[in-house]
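Just so it is clear: chains get the letters A, B, ... in the order the sequence lines come, proteins before strands, and each one is counted from 1.
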Amino acid sequence: MSFAEVTLELLKGFAVTCQLFILTLVLALPLGLIIAFGSMSRFLPLKYVTKAFVWVIRGTPLMLQVIAVFYVPGLVFDLPMSSRMLAVLIAFVINYACYFSEIYRGGIESISKGQYEAGQVLGLTKTQIFFKIVLFQVIKRIIPPMSNEIITLVKDTSLARIIAVEELTRLSQDIVNVYGIVWPLFYAGAFYLVFNGLLSVLLSWVEKKMDFYKG
Amino acid sequence: MAFLEVKGIKKNYGSLQVLKGIDFSLQKGEVLAIIGSSGSGKTTLLRCLNMLEIPSEGSFYLDGELIYDAVRHVKANDSELRKKRLHFGLVFQNFNLFPQYNVKQNIMLAPKLLRKKVVSAAKKDLRKKKLNVVFYPLRGSKKNFYNLLKEEKNKLLSEEKYFAEKLSSQAEELLAGVGLSDKATAYPCQLSGGQSQRVAIARALALEPDVLCFDEPTSALDPELTGEVLKVIRGLKSSSRTMIVVTHEMDFARSVADKVIFMADGVIEEEGTPEEVFGNPKSEKTKAFLLKAEDRI
Ligand SMILES: Nc1ncnc2c1ncn2[C@@H]1O[C@H](COP(=O)(O)OP(=O)(O)O)[C@@H](O)[C@H]1O
Ligand SMILES: [Mg+2]
């Protein structure tokens, strides 16, 4: 297989990888916030159910969750998963939303009570206080841990190969199997490296942008 | 009836009784200084007035209007609570400025958001009128109707613009009032403690509260910075501005207050004019407290 052919094949896989990465991020970021609210709820049953759920998701391997989401509907409820990609996406979104929720929770709980009270005595509603005062401070504080998770997500997308989703790692592995050449593996690694490199630059730019104030 | 009437305020945290029945009244334009050792319930009292805490018992009235009554208090809805709360302002011991907004934005944030509620209601109204045309036949000419709508919309827009300009100049005036005109675009992290507290005062004043409360406004400051804050508070005294200041600055309380309350263990141990409380205290507890306070200086 020529370099150009391998490149084309890997680009196909990279497209799937990017798709999985972006969709997971776009869906898991807001879902994580909702889960965070659940785990901080004053309604105790909701709080404990959410916390238990997060505990289970964070305590078991993502790979196992991917397999479970793909097979359980078909084998247990007789509703087979129509799409492998969908199964992976569901597993990834839930998994990452749980990780994100813990980061959000840490961020929200780190904001002092005084910020809320200052908003309250100024006559603001709870919603206004959250969105106009608290949220921005939370975002600034959680960008470093979020960046870590986001970089990890790029690499985790390779787990999708376990149920034969044709992402970057899977396709490079296929080439190795069929043609007996090893270098496409390293080539695929370069794709991840470059992608993560660009992401790091972007994320640290955002971090800098928010550095106009301390605290 | 006095401007502010506080009657029998009690506050429990579980079995801990923090306020055991506080009564006092205040005339418009008066300054009340509250002194007392730490843990006596001063902060809790201010928090009750500002409804950061719900009093367990008691009531208070402002200008004849009932603000809160524990007996009649059926879980007030949020907007009602906020409206009543706006009669009071509170300056915190540790400022609580919003770090991501600059000084001027800190001052304008709340007035802006409160205004937004009004404007969005008006806008909704306008949209409804427009929609109604679809369902109900118009009397009179269509053109006329749309012209009218347009006029209303323009009026709203120009009012908006006027409000924004007025708010901006009001914020600048307030900043000048606390001597920080040059800090309008600075962020809270770039200010000294004294400057931060002066911004916090300007922020509270922007909503024009009927009663402005200060909870130990200088306790978090380095000694050399307390003067500038006290000077600002002193300058706020006027016939229309009613203030309650919790403070450990006895000289300040003595010279600014029209009325002094000494609190001990959740009750008012002694109250009167500064001359009475400082010059001729009747209670043993007050005497002991004042002696100790003198020692500290
Ligand atoms: N949220 C709370 N829960 C339980 N106890 C509290 C709470 N807030 C204040 N207290 C107690 O109430 C008492 C009075 O506190 P505070 O009003 O802050 O006094 P001061 O401002 O005069 O120092 C203290 O003993 C304090 O421990
Ligand atoms: Mg206190």
Side-chain angles (χ1 to χ4, degrees), chain A residues 29-30 33 36-37 40-44 46 103-147 202-215, chain B residues 43 46-47 49-53 77-103 105-117 185-191 196 199-200 203-209 211-213 215 220:
Chain A
L29 282 173
L33 191 56
F37 284 134
M40 292 184 293
S41 172
R42 256 179 290 174
F43 179 57
L44 294 184
L46 177 63
I103 296 177
Y104 283 127
R105 191 170 64 85
I108 291 172
E109 285 175 350
S110 76
I111 304 300
S112 79
K113 230 175 68 196
Q115 291 288 307
Y116 294 89
E117 291 181 347
Q120 275 174 298
V121 294
L122 291 169
L124 307 185
T125 64
K126 287 200 172 108
T127 322
Q128 287 173 330
I129 293 173
F130 184 76
F131 284 103
K132 298 288 177 176
I133 298 172
V134 175
L135 186 60
F136 191 89
Q137 297 178 48
V138 171
I139 290 173
K140 178 177 159 96
R141 285 185 195 187
I142 66 177
I143 281 179
M146 275 291 180
S147 301
L202 176 72
L203 289 169
S204 57
W205 176 79
V206 174
E207 206 177 321
K208 255 220 189 90
K209 269 275 148 191
M210 299 190 87
D211 226 19
F212 64 91
Y213 77 92
K214 299 263 173 297
Chain B
T43 297
L46 290 191
R47 289 172 62 85
L49 292 178
N50 282 277
M51 305 229 243
L52 289 173
E53 306 285 350
N77 72 48
D78 206 40
S79 71
E80 222 172 290
L81 185 78
R82 269 183 292 118
K83 220 157 139 203
K84 300 205 156 174
R85 180 178 260 158
L86 280 175
H87 290 297
F88 292 83
L90 179 61
V91 172
F92 298 86
Q93 190 170 340
N94 50 0
F95 336 131
N96 290 330
L97 295 178
F98 307 130
Q100 74 269 41
Y101 294 115
N102 71 28
V103 165
Q105 290 167 332
N106 259 279
I107 295 172
M108 299 196 303
L109 181 71
K112 229 184 209 161
L113 291 178
L114 295 180
R115 168 80 184 179
K116 222 178 191 171
K117 281 233 127 65
T185 57
Y187 285 90
C189 60
Q190 300 164 320
L191 302 178
S196 296
V199 174
R203 183 177 71 174
L205 286 172
L207 291 172
E208 294 164 359
V211 179
L212 184 52
C213 306
D215 189 11

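B:Tyr187 touches chain A through its side chain: at least one heavy atom from C-beta onward sits under 4.5 Å away, while N, CA, C and O do not. Only the side chain of B:Lys116 has a heavy atom closer than 4.5 Å to any heavy atom of chain A. Proximity to chain A (any heavy atom under 4.5 Å) is restricted, for B:Lys117, to the side chain, taken from C-beta onward. Heavy-atom distances place the side chain of B:Tyr101, and not its backbone, under 4.5 Å from chain A. In this structure, the portion of B:Leu207 lying under 4.5 Å from any heavy atom of chain A is its side chain and not its backbone. Residue contact with chain A, scored on non-hydrogen atoms closer than 4.5 Å, involves the backbone of B:Leu97 exclusively.
Residue A:Met146 holds its CE atom at 9.0 Å from CD1 of A:Ile139, rounded to the nearest 0.5 Å. Distance check: A:Ile142 CD1 to A:Arg105 CZ gives 13.0 Å after rounding to the nearest 0.5 Å.
Because its NZ or CZ atom is not both nearer than 6.0 Å to the ring centre of A:Tyr116 and within 45° of the ring axis, A:Lys126 does not count as a cation-pi partner of that residue.
Taking chain A as the reference chain and counting heavy-atom pairs below 4.5 Å, the highest number among B:Pro99, B:Cys189, B:Ala110 is found for B:Pro99. Interface summary for chain A: among B:Gln190, B:Arg203, B:Lys84, B:Met51, the most heavy-atom pairs under 4.5 angstrom belong to B:Arg203.
Under the 4.0 Å criterion applied to side-chain N and carboxylate O atoms, B:Arg47 and B:Asp215 are not assigned as salt-bridge partners.
In terms of heavy atoms, A:Lys140 sits closest to A:Asp211 at NZ-OD1, 3.2 Å.
Side-chain atoms of A:Gln128 come within 3.5 Å of backbone N or O of A:Thr125 as a donor-acceptor pair.
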